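This is a predicted model, so every value here is computed, not measured. FYI, side chains are in, hydrogens and waters are out, and symmetry mates aren't considered; it's all heavy atoms of this structure.
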Amino acid sequence: MLRKKKIFTTLFILLMISVDSLLAQGNRPIFEEMPGMVSYTYRDSFSKDVAATLDTLQAMGIKDMEFSNLFGKTAAELRQLLDERDMFCSSFGVGYPDLVNKTQEVAENTKTLGAKFVRVAWIPHEAPFGLSDAEKAIADFNKAGKILKEEHDLTFCYHNHGYEFYPHENGTLFDYMMEQTDPEYVSYEIDILWTFFPGADPAALINKYPDRFKLMHLKDLKKGVEGNMSGGTPKENDVVLGTGQLDLPAILKAAKEAGIEHFYIEDESPIYYQQVPKSMAFLQGLRY
């Protein structure tokens with residue numbers, strides 16, 4: 001009888017520990033700090049007044065920035081504006097031609113900004129995106145990525161845009177790019193809308209390549225919109241996070257488990273200034 005009592009007590013304690021653990025997970029914020037912002041979201045505002053736009057973002061609690069444009073400033077001038085506001089740039093987005101033809105200049109600007117990542121978001125091509133386009137990008141990414149890493153200690157990331165998901169062999173052209181790019185020199189930024197839009201599952205893709213994604217664009221797609229592999233959709237189809245088609249909790253759980261380092265809110269809609277605060281409130285309310 002005493003032995004059964006001890007077993008029952010042990011099992012009860014283990015059960016309580018498990019329950020407490022589950023409760024703790026359910027109350028843990030997915031984001032301890034507010035995610036960053038892509039400059040493209042506030043591109044119109046930045047084009048008019050960089051300092052005032054940074055003031056707005058600072059007041060909203062944004063610290064981490066991904067810039068895809070210097071907006072008429074030098075990298076040093078933009079860095080000073082960020083430093084004055086206790087903000088920072090973690091990723092610098094550039095065009096494909098600059099990555100290939102101005103690799104050293106890109107590296108210097110990235111380091112001046114204080115960023116650790118260089119990002120490209122579009123591969124020039126004639127639709128539909130094909131194997132030859134992928135092969136050229138693979139060669140260019142491996143070459144530039146090696147220079148950035150070995151000579152400047154920077155990490156190159158390719159940002160998917162939806163057209164890379166055409167079938168290829170037993171997977172897609174995106175899988176082919178993953179397989180053929182050197183993980184030492186080429187990482188990825190997953191744009192979850194441009195993963196979902198062509199029919200892929202963002203959470204499943206992260207789980208498939210947990211070590212390759214370093215950055216993420218947070219976006220949501222309007223309900224009822226059907227996707228394709230064009231890499232484009234009307235900007236009005238960007239909606240407040242949590243109100244669209246994407247399963248944000250599942251995606252972010254996979255992202256956190258994979259160790260993605262930086263998350264950036266991106267809203268291309270004309271009413272981004274109305275939508276972004278609501279998206280931020282949604283993100284702050286997420287638990288796991």
Side-chain angles (χ1 to χ4, degrees), residues 29-95 98 105-121 148 152-157 159 187-192 213-220 238 240-241 252 255-256 259-269 271-286:
I30 287 183
F31 291 109
E32 299 289 347
E33 296 183 356
M34 181 53 58
M37 185 70 65
V38 183
S39 67
Y40 190 73
T41 298
Y42 283 77
R43 59 196 178 279
D44 293 337
S45 182
F46 272 119
S47 296
K48 296 172 184 175
D49 193 325
V50 175
T53 306
L54 289 177
D55 286 339
T56 298
L57 292 170
Q58 180 194 40
M60 294 167 63
I62 298 295
K63 287 182 173 291
D64 188 1
M65 291 294 302
E66 179 181 58
F67 276 96
S68 306
N69 194 318
L70 295 176
F71 297 101
K73 304 290 185 182
T74 64
E77 289 170 340
L78 187 54
R79 172 66 180 274
Q80 182 176 348
L81 290 171
L82 288 167
D83 288 346
E84 290 170 353
R85 291 159 178 81
D86 193 28
M87 299 171 70
F88 64 95
C89 174
S90 52
S91 173
F92 182 42
V94 301
D98 282 355
E105 180 182 327
V106 164
E108 292 304 322
N109 281 337
T110 303
K111 291 190 292 185
T112 298
L113 287 169
K116 297 296 184 182
F117 296 93
V118 173
R119 180 264 285 159
V120 162
L148 292 171
H152 303 281
D153 195 27
L154 297 171
T155 299
F156 170 69
C157 288
H159 163 300
S187 295
Y188 289 78
E189 175 177 65
I190 182 169
D191 184 302
I192 59 177
F213 293 109
K214 307 300 181 186
L215 314 172
M216 175 181 283
H217 275 188
L218 295 164
K219 304 168 73 172
D220 209 343
D238 274 30
V240 174
L241 296 177
L252 291 172
K256 286 291 185 175
I260 288 179
E261 297 179 35
H262 295 274
F263 300 80
Y264 308 105
I265 298 170
E266 184 176 34
D267 189 328
E268 299 187 31
S269 75
I271 54 171
Y272 66 90
Y273 51 89
Q274 296 177 12
Q275 295 192 162
V276 167
K278 296 175 183 177
S279 290
M280 293 174 68
F282 169 78
L283 294 173
Q284 287 178 316
L286 289 177

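- Between F263 and F31, the ring planes are perpendicular. Angles over 60° get that label, and only those under 30° would be called parallel.
- To the nearest 0.5 angstrom, E266 atom CD is 4.0 Å from K219 atom NZ.
- Side-chain contact check for L154 versus V106: every heavy-atom pair is 4.5 Å or farther apart.
- Here the CG atom belonging to N69 is positioned 8.0 Å from the CZ atom belonging to F92, to the nearest 0.5 angstrom.
- When the options T53, V50, L57 are evaluated for a side-chain contact (heavy atoms from CB on, under 4.5 Å) with S45, the one that passes is T53.
- Distance OG1/T74 to CZ/R79: 12.0 Å, rounded to 0.5 Å.
- Summarising the geometry of L215 relative to S91, their closest heavy-atom pair is CD1-OG, 3.7 Å, with the distance given to 0.1 Å.
- Between H152 and E108, the closest side-chain pair of non-hydrogen atoms falls below 4.5 Å.
- Contact record, M87 with I62: CE-O, 3.5 Å, taken as the closest heavy-atom pair.
- With a 4.5 Å cut-off on side-chain heavy atoms, E189 and F117 do not count as touching.
- Under the 3.5 Å distance criterion, the side-chain polar atoms of T110 are left unmatched by any main-chain donor or acceptor of A115.
- The closest side-chain heavy-atom distance from L82 to F88 is not below 4.5 Å.
- When every heavy atom of A75 is checked against every heavy atom of N109, the shortest pair comes out as CB-OD1, 3.6 Å.
- Summarising the geometry of L283 relative to P35, their closest heavy-atom pair is CD1-CG, 3.9 Å, with the distance given to 0.1 Å.
- When the shell of 6.0 Å around NZ of K256 is examined, it contains more than 12 heavy atoms from other residues, nucleotides or ligands.
- Side-chain N or O atoms of D238 include one that pairs as donor or acceptor with a backbone N or O of E268 at under 3.5 Å.
- Rounded to the nearest 0.5 angstrom, I260 CD1 and M216 CE are separated by 4.0 Å.
- With 3.5 Å as the limit, one finds no donor-acceptor pair spanning the side chains of Y264 and T41.
- A donor-acceptor contact shorter than 3.5 Å links the side chain of S39 to the backbone of S68.
- Here the SG-CD1 distance, from C157 to I190, works out to 12.0 Å after rounding to the nearest 0.5 Å.
- With respect to E66 and R119, a salt bridge is recorded, a charged nitrogen being found less than 4.0 Å from a carboxylate O.
- Within a 6.0 Å sphere centred on CD of E77, heavy atoms belonging to other residues, nucleotides or ligands number more than 12.
- The two residues L81 and A51 have their closest heavy-atom pair at CD2-CB, 4.3 Å.
- Contact check for E33 versus K63: no side-chain heavy atoms found under the 4.5 Å cut-off.
- Residues A107 and L148 share a closest heavy-atom pair of CB-CD2, 3.8 Å.
- Checked by atom type and distance alone, the side chain of Q58 pairs as donor or acceptor with a backbone atom of R85 at under 3.5 Å.
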- Message: Determine whether V276 and M60 satisfy the following criterion, side-chain contact (heavy atoms from CB on, under 4.5 Å), listing intermediate values before the conclusion.
- Response: CA-CA 10 Å; V276 167; M60 294 167 63; 3.6 Å; yes

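- Annotation: side chain of D55 is not in contact with side chain of D49 (no heavy-atom distance under 4.5 Å).
- Two residues are said to be in side-chain contact when any heavy atoms from C-beta on lie closer than 4.5 Å; C89 and L78 fail this criterion.
- For the atom pair CG of D267 and CG of D220, the computed distance is 10.0 Å after rounding to the nearest 0.5 Å.
- Within 6.0 Å of the NZ atom in K278, the count of heavy atoms belonging to other residues, nucleotides or ligands does not exceed 12.
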- Item | Stepwise side-chain contact (heavy atoms from CB on, under 4.5 Å) test for V94 and V120 | CA-CA 6 Å; V94 301; V120 162; 4.0 Å; yes

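- Cation-pi geometry between R43 and Y40 is met: under 6.0 angstrom from the ring centre, within 45 degrees of the axis.
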